[in-house]
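Notes for the one structure printed next.
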Amino acid sequence: MNRLFSLFLLSLFFLPLVSFAKGKILATPGVSQVEGSGGGGLVPWAQLAGYATEDELAFSAFCTQANVKNFQLNTCGAQMNFHDRLEVSFAEQNFDVEPLSLTLSQHIIGLKLRLYGDLIYSTWPQISLGIQYKTLKTPAVAFSLGAQDDSGTDIYLATSKLHLGLLAGYNVMWNATIRYTEANEMGLLGFGATNTDSTLQTEMSVAVLLNKHVAIGTEYRHKPNNLNLSEDDWKDIFIAWFPNKHLNFTLAYLDLGAIAAIPNQTGWYLSLSGSY
Amino acid sequence: MVKYLPYIVIVCSLQFNNGCSSQKIEPKIQKKHLLYNEMGGQEGIENLVDAFIKRIPTDKEILPYFAKSSVKHFKEGFINHLCFITKGPCQYNGDSMVDIHTGMNITERDFNRVVEILIEAMEDIGISYQSQNRLLSQLAPLRGQVIKL
């Protein structure tokens with residue numbers, strides 16, 4: 001994990017020497033989501049990661065740390081954007097469960113296909129269809145809590161639109177996602193449980209650009225409660241800074257509710273990503 | 001004095017009428033020309049187009065699109081178009097967006113680059129971020145008449 005992070009930091013210094021995709025307007029691709037897809041912090045958005053347009057390729061990498069009261073999530077990952085049509089992503093999550101002094105690990109491979117539209121220019125919102133194929137490497141805890149599987153596939157449909165100058169001259173972006181999932185705590189506690197079906201969950205993000213470099217916003221992600229451990233919806237408020245098309249820093253305040261029946265999991269989220 | 005009274009009354013009533021009408025019409029005009037005024041009216045738009053034209057030669061990817069155009073013709077047309085699009089007191093009488101851009105084969109990326117140059121030009125002349133966005137919101141729907149033609 002640390003090695004991956006240092007490699008990632010090192011690459012930030014060298015990759016600007018290579019030519020890179022820059023066709024999109026600054027900040028409009030959004031940031032990297034905890035499951036590796038382009039999006040907000042918690043919700044995958046219809047935008048594809050990176051600044052590639054129709055005839056460009058973009059490569060992005062990110063690392064995110066989320067610290068709440070009794071848990072810590074470290075995620076690093078990468079995305080390829082092919083011609084603003086297809087996004088391929090990979091993420092590795094390491095989830096420290098402090099009360100048990102153990103770490104849960106999960107791999108997520110994501111695909112996202114832009115079906116229609118452009119965030120800014122099309123009359124109707126941009127629409128994308130995505131999947132996240134998740135494999136839990138450490139399933140013992142999940143099985144002991146009643147989970148059925150150690151792998152699962154989320155399928156989501158995301159819709160997003162940026163309205164230029166909508167709010168007193170400021171640009172407003174929203175995204176709405178519907179996700180078909182059987183994951184418990186995103187998959188870190190496995191998938192499904194006896195007597196539960198896959199469910200459809202809705203997720204929502206709204207952001208306002210304060211200037212061309214800084215966005216503030218909020219997200220809400222509904223979650224299922226398959227394991228009867230009072231799994232809660234996730235919320236955040238965030239500020240994202242885009243100094244240029246290579247770099248993004250995002251800071252968020254998280255309210256994850258109860259995780260594994262331990263309540264009041266609030267805390268901070270910090271994410272760094274590079275794009276070329 | 002008495003024989004001037006009717007004139008005075010007429011002049012006063014005209015003044016009054018003017019007062020009335022300007023009270024009635026002016027806010028309407030101002031509202032109608034709000035974005036035009038935010039851009040600094042005719043002078044502001046001319047400054048913006050000058051700042052935009054000054055930036056074109058500094059961008060090697062965008063410059064070739066302008067290689068065959070007359071600066072004077074482009075300048076007049078762009079000023080006229082911006083005046084019209086900001087709902088200023090102008091009628092756009094230039095060529096259609098489709099006619100101008102046909103054959104240029106402008107990519108999504110280069111379109112966005114020109115948007116960025118326009119934003120930089122607006123920054124150069126001190127147009128506020130909010131007014132920049134309001135202008136872009138008027139121009140954005142035209143993209144379909146500009147790219148990939």
Side-chain angles (χ1 to χ4, degrees), chain A residues 19-29 47-48 50-58 81-85 114 116-126 160-173 207-216 242-246 275-276, chain B residues 31 34-40 44 55 58-62 64-65 82 85-87 97-98 101 104-149:
Chain A
S19 86
F20 64 101
K22 54 182 180 180
K24 292 246 178 78
I25 304 279
L26 186 63
T28 58
Q47 295 101 294
L48 275 51
Y51 287 87
T53 52
E54 55 188 353
D55 47 8
E56 294 175 296
L57 301 176
N81 176 332
F82 297 90
H83 307 290
D84 196 29
R85 178 58 69 187
R114 182 174 63 83
Y116 167 83
D118 181 277
L119 177 74
I120 303 175
Y121 299 111
S122 55
T123 314
W124 299 99
Q126 179 169 333
S160 68
K161 177 87 186 135
L162 186 140
H163 301 272
L164 288 162
L166 180 73
L167 191 72
Y170 290 95
N171 301 336
V172 177
M173 194 228 82
V208 176
L209 282 130
L210 299 181
N211 57 50
K212 62 182 187 180
H213 298 285
V214 177
I216 55 169
F242 302 84
N244 54 47
K245 290 181 185 178
H246 299 299
S275 195
Y276 304 99
Chain B
K31 199 172 180 187
L34 195 63
L35 184 54
Y36 176 75
N37 290 338
E38 279 180 39
M39 305 310 291
R55 279 187 170 273
T58 64
D59 195 299
K60 287 193 179 68
E61 281 157 60
I62 298 307
Y65 288 114
L82 285 176
I85 212 110
T86 57
K87 300 182 175 64
M97 287 298 111
V98 172
H101 300 99
M104 287 188 171
N105 234 320
I106 297 171
T107 59
E108 292 175 351
R109 164 200 169 121
D110 289 344
F111 181 88
N112 280 345
R113 182 62 202 131
V114 171
V115 171
E116 287 170 344
I117 293 173
L118 183 63
I119 291 170
E120 287 158 12
M122 288 193 280
E123 289 171 347
D124 289 344
I125 64 163
I127 290 172
S128 73
Y129 180 66
Q130 293 97 309
S131 299
Q132 292 174 25
N133 294 333
R134 288 197 191 100
L135 177 63
L136 295 176
S137 75
Q138 297 302 310
L139 294 171
L142 301 176
R143 188 178 80 143
Q145 303 165 37
V146 171
I147 62 167
K148 294 184 247 183
L149 295 171

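A, B, ... follow the sequence lines: proteins, then strands. Residue 1 opens every chain. Values below: every heavy atom of this structure, side chains too, minus hydrogens, waters and symmetry copies.
Both the backbone and the side chain of A:N171 come within contact range of chain B, judged by heavy atoms closer than 4.5 Å. In this structure, no portion of B:L135 lies under 4.5 Å from any heavy atom of chain A. Contacts between A:L210 and chain B at a heavy-atom distance below 4.5 Å involve the backbone alone (N, CA, C, O). A:L166 does not touch chain B: none of its heavy atoms, backbone or side chain, sits under 4.5 Å away.
We find the CD-CG distance between A:Q47 and A:L119 to be 4.5 Å, quoted to the nearest 0.5 Å.
Using bins of under 30°, 30° to 60° and over 60° for the plane-to-plane angle, the ring pair B:F111/A:Y121 lands in the perpendicular bin.
Ionic pairing of A:R114 and A:D84 is present here: one or more N-O contacts between side-chain nitrogen and carboxylate oxygen are shorter than 4.0 angstrom.
When the candidates A:K212, A:K24, A:H163 are compared by the number of heavy-atom contacts under 4.5 Å with chain B, A:K212 comes out ahead. Ranked by non-hydrogen atom pairs under 4.5 Å with chain A, the options B:E108, B:R113, B:E116 are led by B:E108.
Of all the heavy atoms in A:A58 and A:G50, the pair that sits closest is CB-CA, 4.0 Å. Of all the heavy atoms in B:I147 and B:T107, the pair that sits closest is CG2-O, 4.1 Å.
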